[in-house]
Amino acid sequence: ALADAGDGGPPLLLWEPERADARRAPKRLLRTLEIAAAALLLAAYGLHLYRLESERGRLQAELQAESRRAAEARALGQQLARSSEALGVLRGMLEQPSPLQILNDLTALMPLDSWVSDLTIRGRSVEIVGQAPRAADLVATIEASPMFGKARFRSPITLLPDGHVERFDMTLEVKDRAK
């Protein structure tokens with residue numbers, strides 16, 4: 001019991017032991033508290049489930065957004081692969097000299113008193129059949145050029161009946177531009 005310090009009246013009782021109805025009151029109070037605790041527990045569990053459901057909905061929306069982004073990234077990756085492949089083809093074409101460029105460079109290399117009667121281009125390999133006063137000098141001229149190399153005769157040089165011109169049949173390779 002607590003006594004009121006102010007006016008000297010009867011003390012304020014918070015709990016009084018051993019009263020007959022007081023024994024029932026704690027049991028009722030305990031039952032009420034148990035029911036309230038159970039109700040609060042159910043409310044807390046319900047709130048927890050509600051929050052979990054809200055979080056699940058948010059995560060599903062986020063997952064859908066990320067799935068769309070992933071699909072876009074895959075599409076961009078495929079587009080990049082196709083573009084890289086096309087770029088590789090174009091680079092390969094740029095590295096390969098055109099037949100007109102090969103013809104132009106061979107024309108510049110050939111002496112004025114020589115001519116080509118047959119020219120075959122297969123990739124980087126060039127075959128030339130022609131006539132020149134000094135066919136053996138063509139190998140050194142071709143090897144010295146920045147565009148051609150590996151010049152060699154495919155058959156022996158033959159002297160034509162006039163005795164001044166030689167017939168040749170040679171092959172050479174177009175050099176890589178990177179080298």
Side-chain angles (χ1 to χ4, degrees), residues 34-158 165-179:
E34 287 174 353
I35 291 171
L40 285 174
L41 183 63
L42 284 174
Y45 184 67
L47 182 61
H48 178 68
L49 289 179
Y50 174 76
R51 285 184 182 164
L52 285 177
E53 188 62 30
S54 296
E55 184 68 13
R56 184 170 81 71
R58 185 189 66 78
L59 289 174
Q60 281 180 335
E62 194 175 310
L63 177 65
Q64 288 175 350
E66 293 301 322
S67 294
R68 282 191 298 272
R69 285 189 202 124
E72 290 170 1
R74 278 192 300 276
L76 286 174
Q78 291 170 349
Q79 184 180 2
L80 178 64
R82 288 190 302 270
S83 296
S84 294
E85 185 178 320
L87 183 61
V89 168
L90 288 174
R91 281 187 179 148
M93 290 173 67
L94 288 175
E95 289 174 2
Q96 294 274 348
S98 70
L100 288 176
Q101 185 179 6
I102 292 172
L103 183 60
N104 184 45
D105 288 0
L106 278 174
T107 302
L109 287 176
M110 295 301 276
L112 293 176
D113 57 354
S114 304
W115 67 87
V116 175
S117 60
D118 189 21
L119 174 71
T120 306
I121 301 172
R122 291 188 183 107
R124 292 195 161 290
S125 177
V126 180
E127 297 171 3
I128 304 171
V129 177
Q131 298 173 3
R134 292 167 305 282
D137 294 344
L138 289 175
V139 173
T141 304
I142 289 171
E143 288 291 333
S145 77
M147 185 162 183
F148 303 107
K150 297 183 182 178
R152 63 185 185 285
F153 291 105
R154 294 186 325 154
S155 63
I157 298 171
T158 56
V165 181
E166 300 171 335
R167 183 184 177 283
F168 65 89
D169 183 357
M170 71 182 329
T171 183
L172 53 110
E173 297 287 324
V174 178
K175 292 180 182 176
D176 287 335
R177 290 184 183 192
K179 293 180 181 180

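Every value quoted in this text rests on a predicted model; they were computed, and no experiment measured them.
Considering every non-hydrogen atom in both P111 and L138, the closest pair reads CD-CD2, 3.6 Å. Contact record, D113 with P133: OD2-CG, 2.9 Å, taken as the closest heavy-atom pair. Counting all heavy atoms, side chain and backbone alike, A135 lies closest to F168 at CB-CB, 3.8 Å. Looking at every heavy atom in both residues, F148 comes nearest to K175 through O-CE, 2.9 Å. Among all heavy-atom pairs drawn from D118 and V116, the shortest one is O-CG1, 3.4 Å.
The OG atom of S125 sits 7.5 Å away from the CG atom of L172 when rounded to the nearest 0.5 Å. The CD atom of E72 sits 8.5 Å away from atom CZ of R69, with the distance rounded to the nearest 0.5 Å. The structure places CE of M170 at 4.0 Å from CD1 of I142, a figure rounded to the nearest 0.5 Å. N104 contributes atom CG, which lies 9.5 Å from atom CG of L109 (distance to the nearest 0.5 angstrom). Here the straight-line distance linking atom OG of S84 with atom CD of Q79 works out to 10.5 Å at 0.5 Å rounding.
E166 places no side-chain N or O within 3.5 Å of a backbone atom of I157 that could act as its donor or acceptor partner.
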Name each donor-acceptor pair under 3.5 Å that joins a side chain in residues 38-54 to protein atoms two or more places apart or in another chain, with its distance.
from: E53; atom 1: OE2; to: R56; atom 2: NH2; distance (Å): 2.9
from: S54; atom 1: OG; to: Y50; atom 2: O; distance (Å): 3.1

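Take E85 and apply the salt bridge (charged side-chain N to carboxylate O under 4.0 Å, His left out) test, not counting sequence neighbours, and it matches no residue. D169 pairs by the salt bridge (charged side-chain N to carboxylate O under 4.0 Å, His left out) definition with R154, not counting sequence neighbours. Under the salt bridge (charged side-chain N to carboxylate O under 4.0 Å, His left out) criterion, R58 pairs with E55, E62, sequence neighbours left out. Residues satisfying the salt bridge (charged side-chain N to carboxylate O under 4.0 Å, His left out) test with R91, not counting sequence neighbours, are none.
Between M147 and L106, every side-chain heavy-atom pair lies at or beyond the 4.5 Å cut-off. Annotation: side chain of L63 is in contact with side chain of S67 (closest heavy-atom distance under 4.5 Å).
The list of salt bridge (charged side-chain N to carboxylate O under 4.0 Å, His left out) pairs with a residue in residues 128-148, not counting sequence neighbours, reads R134-D137.
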